[in-house]
Amino acid sequence: QVQPVESGGGLVQPGGSLRLSCEASGSLFRFGDMAWYRQAPGKQREFVARITRAGATYYSGSVKGRFTISGDNAKNILYLQMNNLASEDTAIYFCRQGPAIWGQGTQVTVSS
């Protein structure tokens, strides 16, 4: 495995929740911080959340208070818990390992 692998996307109603997972290539922080990005149709890829090896977390303003990033070092898995989802959260969500290793993405669709 040379790139992280995302999973957990799907279709959810507005106000619902999803938890995304990202299986890292090797140990979770071997290349540095871990992060989630997303790309909505017709838009550029944008930052969602980041977690450092020390456990510090950072969020974009649009998801702060609704999304939570976390990591399981024992399993080498990065998570993104997404609550109170809205249609504007519809996008392909990508995991980034270190500064430049991207996964293939997982689709999240929020619709009634």
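Note that the coordinates shown come from a computational prediction; the quantities given were computed from them, not determined experimentally.
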For Q39, the side chain to side chain donor-acceptor pair (under 3.5 Å) test, sequence neighbours excluded, returns none

Partners of R45 by salt bridge (charged side-chain N to carboxylate O under 4.0 Å, His left out), sequence neighbours excluded?
-> none

Who passes side chain to side chain donor-acceptor pair (under 3.5 Å) against S70, sequence neighbours left out?
-> none

Name all residues meeting the side-chain contact (heavy atoms from CB on, under 4.5 Å) criterion together with S27; count only those two or more places apart in sequence or in a different chain, and write none if there are none.
-> R30, N76

Side chain to side chain donor-acceptor pair (under 3.5 Å) filter on T57, not counting sequence neighbours, yields none

Donor-acceptor pair between S17 and N83 side chains, under 3.5 angstrom | yes

Calculate, to the nearest 0.5 Å, the distance between atoms OG and CZ belonging to S62 and R38 respectively.
-> 4.5 Å

Please round to the nearest 0.5 Å and tell me the distance separating atom CD1 of I77 and atom CG of L20.
-> 12.5 Å

What residues form a salt bridge (charged side-chain N to carboxylate O under 4.0 Å, His left out) with E88, not counting sequence neighbours?
-> none

Around atom CD of Q104, are there more than 12 heavy atoms of other residues, nucleotides or ligands at under 6.0 Å?
-> no

Euclidean distance, S25 OG relative to Q3 CD, rounded to 0.5 Å = 8.5 Å

Pairing residues for L18 by the side-chain contact (heavy atoms from CB on, under 4.5 Å) criterion, not counting sequence neighbours = V12, M82, L85, V108

Does any pair with a residue in residues 63-94 pass ring-ring contact (aromatic ring centres under 6.0 Å, His included), and if so which ones, sequence neighbours excluded?
-> none

Value for CG (L28) from CD (E23), rounded to nearest 0.5 Å, stands at 11.0 Å

side-chain contact (heavy atoms from CB on, under 4.5 Å) filter on Q107, not counting sequence neighbours, yields T90, I92, T109

Can you pull the salt bridge (charged side-chain N to carboxylate O under 4.0 Å, His left out) pairs that have at least one residue in residues 56-84, sequence neighbours excluded?
-> R66-D89

What pairs with F47 under ring-ring contact (aromatic ring centres under 6.0 Å, His included), at least two apart in sequence or on another chain?
-> Y37

F29: side-chain contact (heavy atoms from CB on, under 4.5 Å) partners, not counting sequence neighbours = M34, I51, R53, N73

